[in-house]
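Just so we're clear, the structure is a prediction, and the values are computed from it rather than from any experiment.
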Amino acid sequence: MCEVIHIYVGENQPSPCFATIGEAISWISRDYTPLTPSYPAPHEAITPAIIHIAPGTYREKLVLERPRVTLEGSGADDTVLVYGDYALQILEDGSKRGTFRTATLRVHTHDVTLRHMTVENDAGCGRLVGQAIALYADGDRLFLEHCRLIGSQDTLFTAPLPQKEAQPGGFTGPGQNLPRVMGRQYYKHCYIQGDVDFIFGSGICYFEDCEIFAALPKRLPRESPDGQRIYGYLTAASTPQGQKFGYVFHRCKLLGNCPQASVYLGRPWREYARTVFWECYMDAHIHPAGWADWGKEHGRFYYGEYNCSGPGSETCQRADFSCQLTEREAAQYNPEEVLDGWFPTV
């Protein structure tokens with residue numbers, strides 16, 4: 001058995017070579033039966049595979065369920081996986097597609113790496129089409145490096161789903177009846193773009209040296225009763241009760257083209273959301289309050305910041321339910337501790 005299987009996508013590539021990414025995934029997955037998800041995921045004795053993807057735009061909707069696979073693009077600007085499903089889309093049976101059937105790429109396995117590629121949902125403005133996921137990341141030990149994730153509302157979903165849906169049918173999709181199994185995800189040198197709740201979910205996620213870009217939506221939001229116009233929320237975590245870590249952003253740049261003081265760092269999708277930004281640069285689009293409570297009871301969710309910089313990092317008007325960490329408190333938010341001893345092999 002060879003140490004690594006190499007597969008190719010695109011013209012004039014070595015064999016085995018396929019015209020689409022989906023064909024390559026099907027070929028490498030043909031003899032694999034997916035395991036029931038678990039945490040931590042088992043280290044299966046299955047040969048790792050690298051799918052080398054040539055430059056191009058690949059309009060495909062994909063599911064990856066075979067572990068130990070790397071999708072290796074030719075550069076985030078040159079290799080683009082894109083599709084355009086959206087939540088308000090009417091299906092043949094007359095029902096709406098819903099959020100969790102919109103993903104351009106759904107990873108539902110463990111030990112998967114994405115490098116040097118873009119995953120995009122180009123359905124358009126969330127205020128017109130509803131939620132539209134680019135990457136549905138569901139599994140343990142998922143690693144993204146030098147990738148671009150682009151969408152509008154709900155660009156990146158970090159599974160699992162919360163235990164209960166707020167409205168009947170709200171979780172319709174591939175994960176609604178599955179066990180809620182936690183997973184660890186690491187994002188390094190990535191660019192993530194969206195507007196409303198565009199990083200959301202329950203997973204344990206570490207974002208390091210990433211650019212989080214709050215994009216100006218095509219349809220402007222309504223003014224609130226106090227005359228404010230809020231353009232978006234970077235995060236909407238749904239961390240399960242009792243879980244120590246949720247989202248951690250370290251040395252990230254929070255940029256955007258939204259007006260000054262119009263975007264929140266986050267709001268709790270579920271009551272026990274946990275999100276921390278430390279040593280991040282925050283531009284002027286970040287709202288002085290930093291955080292919104294989304295009507296949830298205070299004292300359950302946890303929002304923290306440490307040693308951030310930039311015009312959006314001023315703390316004098318921060319929401320009173322958020323906190324500024326001490327150096328000692330911030331030290332626990334290192335990747336080894338947050339990811340429970342796992343660190344991706346680069």
Determine, for Arg101 against Asp85, whether the closest basic-nitrogen to carboxylate-oxygen distance falls under 4.0 angstrom.
no
If you define the side chain from C-beta out and look only at heavy atoms, does anything of Val107 sit under 4.5 Å from Leu105?
yes
Hey, are Gln228 and His287 close enough side-chain-wise for a donor-acceptor pair under 3.5 Å?
yes
Decide whether Thr104 and Tyr136 meet the rule of one side-chain donor and one side-chain acceptor closer than 3.5 Å.
no
Can you classify the ring geometry of Phe249 versus Phe207 as parallel (below 30°), tilted (30 to 60°) or perpendicular (above 60°)?
parallel
Would you please indicate if the ring centroids of Phe198 and Tyr233 are separated by under 6.0 Å?
no
Scan side-chain atoms only and decide if Glu208 and His250 contain a donor-acceptor pair under the 3.5 Å cut-off.
yes
Under 4.0 Å between a side-chain nitrogen and a carboxylate oxygen: does that hold for Arg318 and Glu305?
yes
Using a strict cut-off of less than 4.0 Å between a Lys/Arg side-chain nitrogen and an Asp/Glu carboxylate oxygen, indicate whether Arg300 and Asp293 qualify as a salt bridge.
no
Arg66 and Ile28 have their tightest heavy-atom pair at NE-O, 3.5 Å
Distance alone, cut at 3.5 Å: any donor-acceptor contact between the side chains of Glu211 and Tyr281?
no
In terms of hydrophobic clustering (I, L, V, M, F, W, Y; side-chain heavy atoms under 4.5 Å; direct or indirect links), are Leu255 and Ile192 co-clustered?
no
Aromatic ring centroids of Phe343 and Tyr186 under 6.0 Å?
yes
Would the Phe277 and Trp291 ring centres measure less than 6.0 Å apart?
yes
Plane angle bin for His6 and His52 - parallel if under 30°, tilted between 30 and 60°, otherwise perpendicular
parallel
Could you check whether Phe157 and Phe200 have their ring centres less than 6.0 Å apart?
yes
Phe321 vs Tyr303 aromatic rings, parallel, tilted or perpendicular, using cut-offs 30° and 60°?
tilted
Cation-pi geometry met for Arg267 and Trp269 (6.0 Å, 45°):
no
Look at Glu279 together with Arg251 and state whether they make a salt bridge at an N to O cut-off of under 4.0 Å.
no
Looking only at non-hydrogen atoms, find the nearest pair between Gln243 and Phe245 and report the distance.
NE2-O, 2.8 Å
Salt bridge flag under 4.0 Å for residues Arg68 and Asp111:
no
